[in-house]
Amino acid sequence: MRTVAVVGASLAGLSAARSLRKQGYDGRLVVIGDELHRPYDRPPLSKEFLAGTLGEADLSLETDDEDLRAEWLLGARAAGLDRAERAVRLADGREVRADGIVIATGAVARTLPGSEGLAGVHTLRTLDDARALRDELARGGRLVVIGGGFIGAEVASTAYALGLDVTVVEAAPTPLAGPLGARMGDIVSALHVDHGVRLLCGVGVKGLSGERRVDAVLLEDGRSIPGDIVVVGVGARPCVEWLEGSGVELDNGVKCGADGRTSLAGVVAVGDCANWYDPRAGAHRRVEHWTGARERPDAAIATLLAGGAVEPGVPRPPYFWSDQYGVKIQFAGHAAAADSVTIEAGAADDRDVLAVYRRAGVPVAVLGMNQPRLFTRWRKQLAVASS
């Protein structure tokens, strides 16, 4: 291959570029990113950066002496993929022709219909999002977080520590029931109540009120929750619209094999936009986690460079972590695969637990709250059992 284009300049794209050089590729490497920023770390955006304890320079994912010998096209949005010409079309009219293409365009935060142009309403996905929200939180006031998932919970925790009055609204009966299951989701989300943050569950949001600036969140049950700042944390959608009509199969992102290969030869996908096949589950999964964006590009790049001639390995069980109200939450595996969950150590009331999820007696997931040592041990066992 003379040229490889990596479309996406966040962690997954950077990891792919690193993997290309690590695996011996010495040709032309072009990295395309729609943001103007060099690759940066996203997890701290909802925590240390939002709290003001971490600066922008600390977010950099590149080392001072790192040189990937890449051409960086930043502030350049991908608008299409021409499979006949092997070219990535950019929104500004330019084209990047490449023998190999890595799709790493990630995902974008979902918004609340009708909130466009209303001051005080935020999503949190990018550095620019975090800058704007940090400035607003610094002024204090009443914050309403729509969505009790991990991003919403981390923002609520950070805002609480900054002294804001915080309310979390979650449409589901139990926050985090999707990734953690109902029982453990209830235990983890109780951290809000422990710290005096109002948690309203089982009620949807009808809309927002305010003329130029938001002043309240309107619930479907008729209640109105006053708010000076609103954060919408209702998930993200994969950025794959630019691939429509390209021949790349799309299904909840880019549909991939267990090695990241797509329906087009010479094209692989990694990161939040990639819906990889999971041989353990016998189904495709889109994993929006930091570790997946860092680890899976190695397999995808091996596939790209070998023309699909390598046998894909079994990826490690997905892992993610969250910091809320001073509690370290760690999770590995798939809760949905379990038929039982038991607390192996600690006490739920103390929010200090190690819980193991099993299916037919076999561990399929593990959750730790302030149990890093035990969690690490169980995570290793889980990886061995799943391989």
Side-chain angles (χ1 to χ4, degrees), residues 11 15 41-48 51 54 148-158 161 174-195 272 276 278-281 285-296 298 313-387:
L11 175 61
S15 297
D41 208 14
R42 294 187 191 275
L45 294 182
S46 56
K47 302 182 281 287
E48 298 93 341
L54 203 65
F150 285 107
I151 290 293
E154 289 170 0
V155 170
S157 171
T158 301
T174 304
L176 303 172
L180 303 182
R183 181 185 176 194
M184 300 312 298
D186 186 58
I187 291 172
V188 172
S189 62
L191 286 167
H192 295 301
V193 180
D194 293 346
H195 292 82
D272 291 359
W276 278 43
D278 185 342
R280 296 187 192 89
R285 298 183 188 274
R286 193 165 62 84
V287 178
E288 295 184 22
H289 301 316
W290 189 92
T291 49
R294 187 190 65 180
E295 296 173 356
R296 292 194 174 187
D298 282 346
V314 178
R316 291 205 299 170
Y319 163 72
F320 61 86
W321 75 93
S322 179
D323 295 296
Q324 301 173 29
Y325 305 100
V327 175
K328 181 76 170 183
I329 301 162
Q330 297 170 285
F331 185 87
H334 295 288
D339 55 27
S340 68
V341 56
T342 56
I343 294 177
E344 306 280 329
D349 290 344
D350 296 332
R351 318 297 178 220
D352 175 16
V353 301
L354 190 289
V356 177
Y357 300 69
R358 293 180 173 87
R359 182 176 184 83
V362 178
V364 293
V366 58
L367 167 72
M369 298 179 70
N370 279 346
Q371 293 277 1
R373 186 172 298 178
L374 272 178
F375 176 86
T376 300
R377 187 184 308 163
W378 271 100
R379 185 188 175 197
K380 291 178 180 177
Q381 293 179 23
L382 189 66
V384 171
S386 302
S387 60

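If you read the sequence from its start, that first residue is 1, and numbering goes on from there.
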Tell me the salt bridge (charged side-chain N to carboxylate O under 4.0 Å, His left out) pairs involving residues 354-379, sequence neighbours left out?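 Found Glu344-Arg358.
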Provide the full list of salt bridge (charged side-chain N to carboxylate O under 4.0 Å, His left out) pairs with a residue in residues 321-335, sequence neighbours left out, each pair given once.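 Pairs touching residues 321-335 that pass the test: Asp323-Lys328.
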State the CG-CD distance between Asp194 and Gln324, to the nearest 0.5 angstrom.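 So the gap between those two atoms works out to 11.5 Å.
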Could you tell me if the side chain of [Y] sits less than 4.5 Å from the side chain of [X], heavy atoms only?
X	Y	value
Ile329	Phe320	no
Thr158	Tyr325	no
Val366	Gln381	no

Test side-chain hydrogen bond (donor to acceptor under 3.5 Å, both in side chains) applied to Tyr357 and His334, step by step: CA-CA 8 Å; Tyr357 300 69; His334 295 288; over 6 Å; no
Using every non-hydrogen atom in the two residues, find where [X] and [Y] come nearest and quote the distance to one decimal.
X	Y	result
Pro318	His289	CB-CD2, 4.1 Å
Ile343	Gly346	CG2-O, 4.0 Å
Gly148	Pro175	O-CB, 3.7 Å
Pro179	Ala335	O-CB, 3.3 Å
Ala332	Leu382	O-CD2, 3.6 Å
Asp352	Asn370	OD1-O, 3.4 Å

Within the side chain of Lys47, is there an N or O that forms a donor-acceptor pair under 3.5 Å with the backbone of Pro43?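 It does hold such a pair.
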N/O donor-acceptor pair under 3.5 Å between Ser15 side chain and Leu11 backbone: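 Between the backbone of Leu11 and the side chain of Ser15 there is a qualifying donor-acceptor contact (under 3.5 Å).
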Determine whether the side chains of Ser46 and Glu154 contain a donor N or O and an acceptor N or O closer than 3.5 Å.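 Judged by distance alone, the side chains do pair up.
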For the pair Tyr319 and Phe375, name the ring-plane relationship: parallel under 30°, tilted 30 to 60°, perpendicular over 60°.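 The arrangement is tilted - the two ring planes meet at 30° to 60°.
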Go through it in stages, so that I can follow the logic: the residues are Leu367 and Leu354, the test is side-chain contact (heavy atoms from CB on, under 4.5 Å), and I'd like the CA-CA distance, side-chain angles, deciding distance and then a yes or no. CA-CA 6 Å; Leu367 167 72; Leu354 190 289; over 6 Å; no
Kindly confirm or rule out a cation-pi arrangement of Arg285 over Trp276, judged by NZ or CZ under 6.0 Å from the six-membered ring centre and within 45° of its axis?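 No.
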Neighbour count >12 (heavy atoms, 6.0 Å) for atom CG, Asp349: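 Open.
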Side-chain polar contacts of residues 182-190 - donor-acceptor pairs under 3.5 angstrom, sequence neighbours left out - could you list them?
residue, atom, partner, partner atom, Å
Arg183, NH1, Val341, O, 2.9
Ser189, OG, Gly185, O, 2.8
Ser189, OG, Asp186, O, 3.3

side-chain contact (heavy atoms from CB on, under 4.5 Å) between Thr291 and Arg316, intermediate numbers included: CA-CA 10 Å; Thr291 49; Arg316 291 205 299 170; 5.8 Å; no
